[in-house]
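Just so you know, ligand 1 is whichever comes first in the structure, and atom 1 is the first atom listed for that ligand. All heavy atoms count here, side chains included; hydrogens, waters and symmetry mates do not.
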Amino acid sequence: MERLLLCLALFSMASYAMLCPKRCTCQNLLPSYTVLCAKTGLLFVPPNIDRQTAELRLMDNFITTLRHQDFANMSSLIHLTLSRNTISQIQPYAFADLQDLHALHLDANRLTVLDDTHLQGLVNLRHLILSNNQLHSISDGAFQDFLETLEDLDLSYNNLVDVPWDTIAMLASVNTLSLDHNLIEFVPEGIFSNLHKLARLDMTSNKLKKIPPDPLFLRIPVYAKMKGSPLTALVLSFGGNPLHCNCELVWLRRLTREDDLETCASPRDLAEPAHGFLLCVLLI
Ligand SMILES: *[C@@H]1O[C@H](CO)[C@@H](O)[C@H](O)[C@H]1NC(C)=O
């Protein structure tokens, strides 16, 4: 009997080991099963990954395409890292079975476009990291399945001229929004007004000439006065934009740190921001 049990134990260990893809490291730290295949020269997602995997790390490889079968039936996957590959294509519904996924890291790849099908099915997504790609277009429905759950959206270092603002305005749980180092020219007025959990908004180094007032920004002085309050202050970063320093920007000048506005791109005779704002104060 003892021998039979031992045989069974060995057999089950062997069958588990067989599910670990070549050159990868697999850890079965119950209840979570982790597959680590970083820097292993992979050209595609290995087909024989255990479907019960909770954490899958595939960073620093040469994967170019994500296909639906790559992540099919991985309904226990919580964390997926695909950073620093050469991914330029995500096939429609590639992530459709990942209903438990909390974090998706796709930074430092070659993505150019996100449409409604690419991220569909990620109904529990909290962290979406898409920095350092070549994104120039994101459809209005691209984030539709995680509007309520998303806490952290990083779209920094892309080629975005336009952002799906109406979608951004619906990210009810968003805490950190990184849109810095893009080519954004325009922010619609009041677009952040329903983002009650927003704590960090980074719009550094874009092409903004003006920033319309937003009810969200009124929180800053209120929070600053309530010392020791559990609510954290909103951190806004708008430096590195060719801001036109007219009276429309006085509100921002009052609210943000001095160093954040740096210099104004125009008007030229008021390039020293303090003078421009002084003039506004006199006019009011
Ligand atoms: C996923 O599950 C379905 C239904 O159980 C099965 O037919 C299919 O082969 C599975 N696919 C993979 C890649 O495991």
Side-chain angles (χ1 to χ4, degrees), residues 7-130 133 135 138-139 141-150 152-153:
C7 282
L8 278 174
L10 283 174
F11 179 76
S12 62
M13 275 169 71
S15 68
Y16 234 96
M18 273 170 67
L19 286 168
C20 191
K22 218 168 128 185
R23 286 182 287 177
C24 299
T25 309
C26 299
Q27 290 173 302
N28 192 9
L29 303 168
L30 285 170
S32 90
Y33 189 69
T34 300
V35 177
L36 179 68
C37 311
K39 286 191 188 171
T40 45
L42 291 173
L43 300 176
F44 47 82
V45 178
N48 51 340
I49 296 169
D50 193 298
R51 301 289 122 178
Q52 301 304 309
T53 301
E55 197 172 321
L56 176 55
R57 300 195 181 267
L58 297 164
M59 60 280 218
D60 299 294
N61 283 295
F62 303 95
I63 298 166
T64 57
T65 302
L66 302 179
R67 304 155 300 178
H68 177 68
Q69 68 261 34
D70 292 338
F71 309 110
N73 299 339
M74 288 201 191
S75 51
S76 309
L77 198 62
I78 305 281
H79 202 121
L80 175 58
T81 308
L82 289 155
S83 312
R84 298 179 298 279
N85 275 274
T86 53
I87 300 162
S88 60
Q89 202 195 352
I90 301 176
Q91 287 183 357
Y93 314 106
F95 304 120
D97 291 351
L98 308 183
Q99 67 258 30
D100 262 355
L101 197 73
H102 283 191
L104 176 58
H105 290 253
L106 277 164
D107 49 298
N109 278 289
R110 295 183 187 164
L111 296 171
T112 55
V113 171
L114 282 182
D115 70 24
D116 291 6
T117 66
H118 288 135
L119 302 174
Q120 212 171 81
L122 298 171
V123 293
N124 270 303
L125 198 64
R126 292 167 198 192
H127 306 276
L128 178 58
I129 313 301
L130 289 160
N133 276 277
L135 288 169
I138 299 176
S139 72
F143 304 149
Q144 63 197 351
D145 281 352
F146 41 85
L147 293 175
E148 296 290 323
T149 56
L150 201 69
D152 181 7
L153 175 61

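Here the heavy atom of the protein found nearest to atom 13 (C) of ligand 1 is Ala72 CB, 3.9 Å.
Remark: Thr117 pairs with Asp115 by the side chain to side chain donor-acceptor pair (under 3.5 Å) rule, at least two apart or across chains.
Distances between N or O atoms of Asn73 and those of ligand 1 include at least one value under 3.5 Å.
Two residues are said to be in side-chain contact when any heavy atoms from C-beta on lie closer than 4.5 Å; Phe143 and Leu122 fail this criterion.
Residues Thr40 and Asn61 have side chains that bring a donor and an acceptor to within less than 3.5 angstrom of each other.
Distance check for atom 7 (O) of ligand 1: every protein heavy atom is found at 4.0 Å or beyond. Checking atom 11 (N) of ligand 1 against the protein gives a heavy-atom contact under 4.0 Å.
For Arg110, the CZ atom is loosely surrounded, since the number of other residues' heavy atoms within 6.0 Å does not exceed 12.
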